[in-house]
Amino acid sequence: MSTSPILLGVNIDHAATLRQARYRSAPATCGGMIEPDPVELALAAERAGADGITVHLREDRRHIQERDVLRLRECIKTRLNLEMACTDAMVAFALALKPEFACLVPENRTEVTTEGGLDVTGQQSRVRDTVATLTAAGIKTSLFIDPDDRSLEAAAEMRSPFVELHTGAYANAYFSPAAVPELERLRRAAALGQRLGLTVNAGHGINYVNIAEIRTIPGLHELNIGHSILSRALLTGIEEAVREMKHRMRS
Ligand code: PXP
């Protein structure tokens, strides 16, 4: 089990959500007076200690645009983690982009954000082929899954080196008695993942409060955090927001 400090991937999708709220139909999405620029925010997050930058290029392009991802690929100095649906179009995009990591996520047009984990057992051959294609291109894959035995065992069979445990159910239950079993579910899943030889990340709904418990889950490699950091950044600036999250991940 890893005893290194947990890494922080900063998800900057919501910088683009804010930009798109005003500039959805603008011909260019960067430069000039069009703010905020997700790439500038990513670079500032890196300066404050982010270990990687995560973006989700959704099919409906509701926040991040292809141009953002291409600029990130050129500019960032850490590692790019592309969250993507398991579709031919996204696989082609990832092969051309060559991010260091690709996290396969379910996608549903009507959801506000990614709601459940990837149904690995329901689409084994598609997931297996996607993992194999991306791996052959030197891209390390992760599967975003619910923290249960079945999903972990299926993920291990797909030969993906990483999984990302969906922490949303725990985050939603945080102020209720259900938080205790949800945290236990995450602990068990992280332990099983490691026994199965997977490197275990986690993400979704992690904030400045629940990080106190999330960080105690043994052996987590990296957390992907977006909404809480971008929200805090409105008050403090992104560099302070990232520094504070890193501090809480350690202390
Ligand atoms: N990990 C995955 C796979 C996600 O889809 C998301 C949401 O885009 C996150 C992490 C970050 O979630 P949040 O914005 O709630 O921190």
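Numbering of ligands and ligand atoms starts at 1, following listing order.
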*Thinking salt bridges, do Arg187 and Glu213 make one under a 4.0 Å N-O criterion?*
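Salt bridge: no.
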*For the pair Arg188 and Asp148, find out whether any cationic side-chain nitrogen is under 4.0 Å from an anionic carboxylate oxygen.*
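No, this pair does not count.
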*Taking all non-hydrogen atoms of both residues into account, name the closest pair between Cys86 and Leu104 and its distance.*
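Shortest heavy-atom separation between Cys86 and Leu104 comes out as SG-CD1, 3.9 Å.
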*If every non-hydrogen atom of Ile76 is compared with every non-hydrogen atom of Ala42, which pair is closest and at what distance?*
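Closest approach of Ile76 to Ala42: CG2-CB, 4.2 Å.
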Taking only heavy atoms of [X] into account, list the atoms of ligand 1 that are under 4.0 Å away from them.
| X | answer |
| --- | --- |
| Gly205 | 12 (O), 13 (P), 15 (O), 16 (O) |
| Val105 | 3 (C) |
| Asn224 | 10 (C), 11 (C) |
| His227 | 13 (P), 14 (O), 16 (O) |

*Heavy atoms only: which of Glu107, Glu164, Arg58 is nearest to atom 10 (C) of ligand 1?*
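It is Glu164 that holds the nearest heavy atom.
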*asked:* Between Ile12 and Val10, is there a side-chain heavy-atom distance shorter than 4.5 Å?
replied: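 Of all side-chain heavy-atom pairs linking Ile12 with Val10, at least one is under 4.5 Å.
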*For the side chain of Asp146 and the backbone of Gly117, is there at least one donor-acceptor N/O pair under 3.5 Å apart?*
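A pair under 3.5 Å: yes.
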*Count the heavy atoms of every other residue, nucleotide or ligand shown that sit under 6.0 Å from CZ of Arg150, and state whether that count exceeds 12.*
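Not buried by this count: 12 neighbours or fewer within 6.0 Å.
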N or O contact, [X] vs ligand 1, cut-off under 3.5 Å:
| X | answer |
| --- | --- |
| Ile225 | no |
| His56 | no |
| Gly226 | yes |

_If the contact criterion is a heavy-atom separation under 4.0 Å, does Ser228 count as touching ligand 1?_
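Per 4.0 Å heavy-atom rule, Ser228 does not contact ligand 1.
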